[in-house]
Amino acid sequence: MFENQPLDFLKHLNPEQYRAVTAGEGPILVLAGPGSGKTRVLTQRIAYLVKAMGVRPHHILAVTFTNKAAREMQHRLETLLGEQSQSIWLGTFHAVCARILRREAAYLPFDQNFVIMDADDQIALVRQALKALNLDEKLYRPAGIHATISMAKNNLITPEEFTPRTYRDEVVKRVYQQYQTFLRNNNAVDFDDLLIETVRLFRENPPVLERYAGRFEHVLVDEFQDTNLVQYELLKLLTSVHQNVFVVGDEDQSIYRWRGADYRNVLRFESEFPDVQKILLQQNYRSTQTVLDAAQGVINRNHQRTPKRLFSDRGRGEPIVLYEAVDEFAEATFVVDTIRQWIESGKARGSDFAVMYRTNAQSRLLEEAFLRAGIPYHLVGAQRFYGRREVKDVIAFLRLAQNPDDEISLLRVINVPPRGIGEKSLVALQLLARETHQSPGHLLLELGEKGHDSPYWARFPGRSAMLLADFGGLLANWQRARDTLSLIELFDRILADVGYEAYINDGSEEGQDRWENVQELRRLAFEYRERGLSAFLEDLALVSDQDTLPQDQNAPTLLTLHAAKGLEFPQVFIIGLDEGLLPHSRSRDDPEEMAEERRLFYVGLTRAKDRVYLVRALRRSAYGVAVEQEPSRFLADIDERLLQRQGYRRTRSSATTWAAERSPSSRVPPSPAHAAILQPRYRPGQRVRHPAWGEGMVVDSRIQEDGEETVDVFFESVGFKRVIASIARLEAINPD
DNA sequence: AAGGCCCTTCTTTTT
DNA sequence: GAAGGGCCTT
């Protein structure tokens, strides 16, 4: 409709936005406060490049932070540019890298059918590595080891370059080495490899780099504050020819430090790219001034940031409601009741609401409350779908069809449904695999093809060879079917071959649910009928957790504060505003992490257009025992005049009376004479104080063989700790 | 080999 | 308090 006035869309921009969209060539840094029309600037910048500066769409690369953001931008670009938008390279850093790696597989230590290991697979790989090195996973927690490895990878440190500073590092180094070996043997990469291998590809093959850097005349990056070192490096490489790089970000919304993100990339950008044009967007088009003032109050206490003054012309709006609930059940009930009342009054609809929380575990009580109230809801992330056993099983089968070297998937489903392949057979298989330098999958294929004639047949005891060969036969069929059948046919074929429906749909209600999830996955596969298995698997690995599938069009959204970045809702609930939860106890000792918790809260607040409800609970259970909560320190940073307090008000007497009545230690008075010999001094539920960690609640306590009392305490400050009573100077707090 | 029961463990956030 | 691992029986 703009054929005659192709640049009509520019009319609606404010002066700063206009400056950004129409800037000339060279590096441009846009610092965009929340709700300042950042996405609009990005999309219109692309449209401007194409329509006004005559850049061909396939010379443009745009990088977003999530797949969801990419889809949204694709959609907007379609309206602005029509068919031309198809040839723009658009996606997350990870997706773009996967695409490059598949094209350039010839230069790489894996082939183009490589699979992408998701978070669970990565942990499973660490487990395998620990096992191969004879290390105890109780001593070296796989998740912790993996975090260290991933951190190293994000800083482009190879296993060889990894310099141990502690004994634990020595172990990490060995596991890291083994882990990488396993990845390559599996013809697999992890999330970090997608980025690292692309950087390596470019550094080691200048002609390849030249092809891409030459092609991408313009590179645009969203959420720049959350890029890590590898991504920054990649950006420098990709823009090394044309230097036309347009980045948009906001230090105050940097919330992925723990994943290696470094908002100081913004500073680095200013100093490393010559003649950066810097543009500050401060006008907010989303929220009321009350919301903005509260958010500013919170964020202004952080240092090391570009000071901003967010303003809105939407007026003061409604005060922020602060509700104090008695416990976490009352917290959930308050949220759901309030939403229900709004909906019933006809003044709001379900989709107007979002409920945000710090940890995924907090969603459970909300879900239950919504279910009880009969209100449909939409839960973002949290493995709702992709984490399900049945979904993972079917994906594992599909991955094996694509890449039989994928040992993680093989181990997952080799005996699903149970087909008599147990520990013994597996060990024999893995042993032979190592001996013959083949993957277990390949051995199975050979057994399946040749049967008795295979030289390996005799290596397996009893009927084990036959069972393995049977499964190998299935694998071989799927391999062939991959090229001859459509994705859906392959999907159905696999399920039929293994009898998956009968296995999973056992007649129970749960079984039916599980089968429906499989059907859901099948519907999703159907959408890939054109692009095929490989595209399907890639998207599953890269999209999965953050995007939930079909949304209930008119339902409230439940999501973590992290997942809320980039979204907006008329009414926002933020729950769990207690010390230890928001800010999270794990952040207490590190000022940088504490600053990030603050930014997280800031991100949550600034998602709201009209109304914010802040909710906390006076008591909350941790490990099954109720623990009294202190209000979040962030609440004190919101001007009292912006708040409207509701709910249970703490008076010293009522709270302590309640505690006294319920405390197990007051119900069963310990007898001092026996306590010294047989009974623990501390009991679950009892309040204690530690000289360093402050107050906490006893979760468990027992007398060891040596007569020492071991006490498990959940501290408000540091979380769970196990101490020896006679050493840790614990002090019992009497519930007066 | 598989399923059941008891015990320990332990809660950030995710491409 | 729930989930996952280890150990038991069949």
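Letters A, B, ... mirror the listed sequences (proteins, then strands); counts begin at 1.
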Judged by each residue's nearest nucleotide on DNA chain B, which is more toward the 5′ side, A:Ile421 or A:Glu596? A:Ile421
May A:Tyr256 be described as stacking on the base of B:dT13, applying a 5.5 Å centroid limit and a 30° limit on plane angle? no
Please report the distance, rounded to the nearest Å, between CG in A:Asp121 and P in B:dT15. 15 Å
Scan nucleotides 1-10 of chain C against the protein and return all N/O pairs shorter than 3.5 Å with their distances rounded to 0.1 Å.
none

Output the rounded distance in Å from CG (A:Leu559) to P (B:dT14). 9 Å
Nearest to the A:Ser425 side chain among B:dA1, B:dT11, B:dT14, which nucleotide is it? B:dA1
With sequence neighbours excluded, residues passing ring pair (Phe, Tyr, Trp, His ring centres under 6.0 Å) with A:Phe93: none
Rounded to the nearest angstrom, tell me the gap between atom OH in A:Tyr602 and atom P in B:dT13. 24 Å
Which part of the nucleic acid does A:Asn415 contact within heavy-atom distance under 4.0 Å: base, sugar-phosphate only, or nothing? sugar-phosphate
Salt bridge (Lys or Arg N to Asp or Glu O under 4.0 Å) partners of A:Asp121, counting only residues at least two apart: A:Arg399
Is the ring pair A:Phe114/A:Phe110 parallel, tilted or perpendicular, if the boundaries are 30 and 60 degrees? perpendicular
So which nucleotide from B:dT15, B:dT13, B:dT9 ends up closest to the side chain of A:Arg141? B:dT9
For A:Asp250, all residues meeting salt bridge (Lys or Arg N to Asp or Glu O under 4.0 Å), sequence neighbours excluded: A:Lys308
So, OP1 or OP2 of B:dT15: does either fall under 4.0 Å of a side-chain N or O from A:Asn67? no
Strictly below 4.0 Å, N to O, side chains only: are A:Glu367 and A:Arg364 in salt-bridge contact? no
Given B:dA1, B:dT11, B:dT14, identify the nucleotide with an atom nearest to the side chain of A:Arg586. B:dT11
Options B:dG3, B:dT13, B:dT15, nucleotide nearest the side-chain atoms of A:Trp258: B:dT13
Just N and O in the side chain of A:Thr560: are any of them under 4.0 Å from OP1 or OP2 of B:dT14? yes
Once you round it to whole Å, what is the distance between C1' of B:dT11 and CD of A:Glu579? 17 Å
Determine the contact category for A:Arg722: base if any of its heavy atoms lies under 4.0 Å from a base atom, sugar-phosphate if only primed atoms, P, OP1 or OP2 are that close, otherwise nothing. sugar-phosphate
Atom CD1 of A:Ile414 to atom P of B:dA1: distance rounded to whole Å? 12 Å
Rounded to whole Å, please give me the gap between NE2 in A:His562 and P in B:dT14. 7 Å
Please list, chain by chain and in numerical order, all residues satisfying ring pair (Phe, Tyr, Trp, His ring centres under 6.0 Å) with A:Phe182, sequence neighbours excluded. none
Short side-chain N/O contact from A:Asn154 to OP1 or OP2 of B:dT15, under 4.0 Å: no
Only one of A:Gln231, A:Gln253, A:Lys565, A:Arg257 passes side chain to side chain donor-acceptor pair (under 3.5 Å) with A:Asp226, and that residue is A:Lys565
Touch class at under 4.0 angstrom, heavy-atom based, for A:Phe65 against every strand present: sugar-phosphate
Quick one: ring pair (Phe, Tyr, Trp, His ring centres under 6.0 Å) partners of A:Phe714, sequence neighbours excluded? A:Tyr623
Using the P atom as the point on both nucleotides, what is the distance between C:dG4 and B:dT13, in whole Å? 15 Å
Comparing nearest nucleotides in DNA chain B, the 5'-proximal residue of the pair A:Lys424, A:Glu593 is A:Lys424
